Amino acid sequence: MRTLLIRDADCIATFDHADPGQARELTRASILVRGHRIEAIGPAESLPQTADEVIDARGHLVTPGLVNTHHHMYQSLTRAVRPVQDAELFSWLRGLYPLWAGLTPEMVQVSTRLAMAELLLSGCTTSSDHLYIYPNGVRLEDSIEAAQDIGMRFTATRGSMSVGQSQGGLPPDAVVEREDAILRDAQRLIETHHDAGHGAMLQIALAPCSPFSVSRDLMRESAQLARSFGVRLHTHLAENDHDIAYSREKFGCTPAEYAQDLGWVGPDVWHAHCVKLDDAGIRLFAATRTGVAHCPCSNMRLASGIAPVRRMRLAGVPVGLGVDGSASNDAAHMVNEARQALLLARVGRSLEPFGCDHGPADMGARDALALATRGGAEVLGRSDIGHIAPGLCADLALFDLRTLGFAGGAVHDPVGSLVLCSSPQAAWTIVHGRIVVREGQLATLELGPLIERHNLLALQLRG
């Protein structure tokens, strides 16, 4: 098998312990990769000095590849659209649904490649994507093929919407699907594409979009179908005050009670946002090991609020990070998402009762990176990624500590400076033992023509 040696790194942050404060951080260390797995990690002088390919990691920080737990990649086509720049969630969606109704298979393919390029260049090696709108012949394969082209580890979620405005839902009737067709396609996708093995590059999850766009029957049947095949479940939940009001008006319960009633809690489920998850919901999610994708940039952009991440983590809720859709962030930079998670958690302290026994240290730099690595892996149900240890997949990110943004920080704490200083691009990104970002440049496709085509399609979509 082909070998790769990452030699003599200034620092390797392994995140090999659930408590980031107890995880090993090795200086002057190397990593040996054989095939797609990490074979050894240790002091540089104790590992081989040669391999089929050697990366000189002097002056670099090495971290596990970052894990993105929630995205809508097609939305990169509608970034910064002016009519909804200042809208909250529901009016933002109402303004964009008519545009998204014009999506074509090529638009989904190109926007997915572009979104994944942005993620890979930020050190992200694994991403989920929530594609819930399928007009004009769009299929989930359009996203899957893009991931295979660019080399990203991918959890492709078969999203869906089935309750349009005529039935009391939020989306226009023109963009919803029949529920029998949704379930048939979901089963087809699982049977065709899902890989449950160690090192799987592609997994399928089922993801009815939200309480305000699907029926309770579809939620229940999706859960039954997913569990019959052993795949995961994903949806949006408790994103803002209007979301809470809709659940109370339509279903007579809180979002957490809605999820519990439909069988949407458990270690095979993760919910996006949970900004308004109440204390009872937090206890329920902790007891059932139900995961949460925390999306701080999007939550700020749409003025949804501050998710109670501190209380979730203290209770034992699995939490990962998500960049969310590129039209509500409007970026896909995982290091920056970790930085924003830290900053927002500290701002959130001002909303707690006076005299509470916590402070800025409740979300430190290593805590934020743990959400972006181990936390994301747990939320996606992956035990083969998320930290650096022998036998795990060789998903790694290298950051050059000699660059301007690290000056004066990396000399004190290279790990802390990754989050606290300006958010850098990755110098190297390795997925499954394959170099996909080399010396800061995407190695698997040419970026210039991709951006040019993407922008043309964005203008075409806007009309």
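In this chain, residues are counted from 1 in sequence order. Only this structure's heavy atoms are used, side chains among them; waters, hydrogens and symmetry mates stay out. Because the structure is predicted, anything quoted here is derived from the model rather than measured.
- Under a 3.5 Å cut-off, the side chain of Gln203 and the backbone N or O of Asp195 do form a donor-acceptor pair.
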Candidate pair His60 and Phe399, rule side chain to side chain contact (heavy atoms under 4.5 Å, CB included), full reasoning
CA-CA 5 Å; His60 288 72; Phe399 299 91; over 6 Å; no
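- Here Ile182 contributes atom CD1 and Ser222 contributes atom OG; the two are 7.5 Å apart, rounded to the nearest 0.5 Å.
- At a threshold of 4.5 Å between non-hydrogen side-chain atoms, the residues Leu302 and Asn240 do not count as touching.
- You'll find the side chain of Leu380 stays beyond 4.5 Å of the side chain of Ile385, heavy atoms only.
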Given side chain to side chain donor-acceptor pair (under 3.5 Å), test Ser328 with Ser298 step by step and report yes or no.
CA-CA 5 Å; Ser328 67; Ser298 175; 3.0 Å; yes
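- Using modelled atom types, no side-chain atom of Gln22 and backbone atom of His17 make a donor-acceptor pair closer than 3.5 Å.
- Between Leu237 and Phe285 the shortest heavy-atom distance is CD2-CZ, 3.8 Å.
- Crowding of Arg402 atom CZ: a count of heavy atoms from other residues, nucleotides or ligands under 6.0 Å exceeding 12.
- Between the side chain of Thr235 and the backbone N or O of Cys209 there is at least one donor-acceptor pair closer than 3.5 Å.
- A salt bridge is absent between Lys276 and Asp243: the closest approach of a Lys/Arg side-chain nitrogen to an acidic carboxylate oxygen does not fall below 4.0 angstrom.
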CA sep, side-chain torsions, deciding dist, call: His387, Thr14, side chain to side chain contact (heavy atoms under 4.5 Å, CB included):
CA-CA 6 Å; His387 63 283; Thr14 65; 5.9 Å; no
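- Considering only heavy atoms from C-beta on, His72 comes within 4.5 Å of Asp324 through its side chain.
- Enclosure of atom CD in Glu45 by more than 12 non-hydrogen atoms of other residues, nucleotides or ligands within 6.0 angstrom is indicated.
- Taking the side chain as every heavy atom from C-beta outward, Leu284 and Thr290 never approach each other to under 4.5 Å.
- Under a 3.5 Å cut-off, the side chain of Asp384 and the backbone N or O of Gly199 do form a donor-acceptor pair.
- Of the charged side-chain nitrogens involved, none lies within less than 4.0 Å of a carboxylate oxygen, so that Asp367 and Arg310 do not count as a salt-bridged pair.
- In terms of heavy atoms, Trp264 sits closest to Leu206 at CH2-O, 4.0 Å.
- Atom-to-atom distance recorded for Leu369:CG and Arg366:CZ is 8.5 Å, nearest 0.5 angstrom.
- The number of heavy atoms from other shown groups lying within 6.0 Å of CD (Gln49) is above 12.
- Using a distance-only test at 3.5 Å, with no hydrogens or angles considered, no donor-acceptor pair links the side chain of His294 to the main chain of Gly320.
- No donor-acceptor pair closer than 3.5 Å links the side chain of Thr126 to the backbone N or O of Val67.
- Of the options Ile204, Thr112, Leu131, a side-chain contact (heavy atoms from CB on, under 4.5 Å) to Ile144 is made by Ile204 and by none of the others.
- The pair Arg188-Glu141 meets the salt-bridge criterion, with a side-chain N (NZ, NE, NH1 or NH2) lying under 4.0 Å from an Asp/Glu carboxylate O.
- Other residues, nucleotides and ligands place more than 12 heavy atoms under 6.0 Å from the CG atom of Leu459.
- The CG atom of Asn329 sits 7.5 Å away from atom CG of Asn336, with the distance rounded to the nearest 0.5 Å.
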Given the rule in the side chain to side chain contact (heavy atoms under 4.5 Å, CB included) test, do Cys274 and Met312 qualify, once you have shown the distances and angles that lead to the verdict?
CA-CA 10 Å; Cys274 296; Met312 291 180 193; 3.8 Å; yes
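- The nearest pair of heavy atoms linking Ala9 to Val62 is CB-CG2, 3.7 Å.
- Taking OG from Ser111 and OH from Tyr74, the interatomic distance works out to 9.5 Å, rounded to the nearest 0.5 Å.
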Using side chain to side chain donor-acceptor pair (under 3.5 Å), reason through Ser76 and His454 one step at a time and then give a plain yes or no.
CA-CA 9 Å; Ser76 63; His454 181 273; 2.9 Å; yes
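- Arg139 has no carboxylate O lying under 4.0 Å from a charged side-chain N of Asp142, or vice versa, which leaves the two without a salt bridge.
- Taking every heavy atom of both residues into account, Leu96 and Ala327 meet most closely at CD1-CB, 4.3 Å.
- Minimum interatomic distance between Ala226 and Leu233 (heavy atoms only, all atoms of both residues): CB-CD2, 3.5 Å.
- Put simply, the side chain of Thr125 does not reach to within 4.5 Å of the side chain of Arg153, judged on heavy atoms.
- Screening His130, His271, His234 for a side chain to side chain donor-acceptor pair (under 3.5 Å) involving His70 leaves a single residue, His234.
- Under 3.5 Å, the side chains of Asn299 and Ser304 contain no donor-acceptor pair of N or O atoms.
- Contact of the Asp149 side chain with the Thr444 side chain is not registered, since no non-hydrogen atoms from C-beta on lie closer than 4.5 Å.
- Pairing each heavy atom of Ala256 with each of Leu277, the nearest pair is CB-CD1, 4.0 Å.
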How far apart are the C-alpha atoms of Val379 and Val319, what are their side-chain angles, what is the distance that settles it, and do they pass the side chain to side chain contact (heavy atoms under 4.5 Å, CB included) test?
CA-CA 6 Å; Val379 164; Val319 181; 5.6 Å; no
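- His333 is not listed as a side-chain neighbour of Val323, based on a closest heavy-atom distance of 4.5 Å or more.
- Judged by distance alone, the side chain of Arg24 and the main-chain N or O of Asp16 form no donor-acceptor pair under 3.5 Å.
- Looking at Thr3, its side chain does come within 3.5 Å of a backbone N or O of Asp52 through a donor-acceptor pair.
- Look at Arg28 and Asp8 and you find a salt bridge, because one of the NZ, NE, NH1 or NH2 atoms lies within 4.0 Å of a carboxylate O, short of that distance.
- Atom CD1 in Ile430 sits 9.0 Å away from atom CG in Asp395 (nearest 0.5 Å).
- No more than 12 heavy atoms of other residues, nucleotides or ligands shown are found within 6.0 angstrom of CD on Glu452.
- A donor-acceptor pair is defined here as one N or O able to donate and one able to accept, closer than 3.5 Å; such a pair exists between the side chain of Glu337 and the backbone of Cys297.
- Counting heavy atoms from C-beta outward, Leu321 and Pro296 have side chains that approach closer than 4.5 Å.
- Listed for the His236 side chain is no donor-acceptor partner under 3.5 Å among the backbone atoms of Ala272.
- Rounding to the nearest 0.5 angstrom, the gap separating the OG atom in Ser143 from the CG atom in Leu140 is 5.5 Å.
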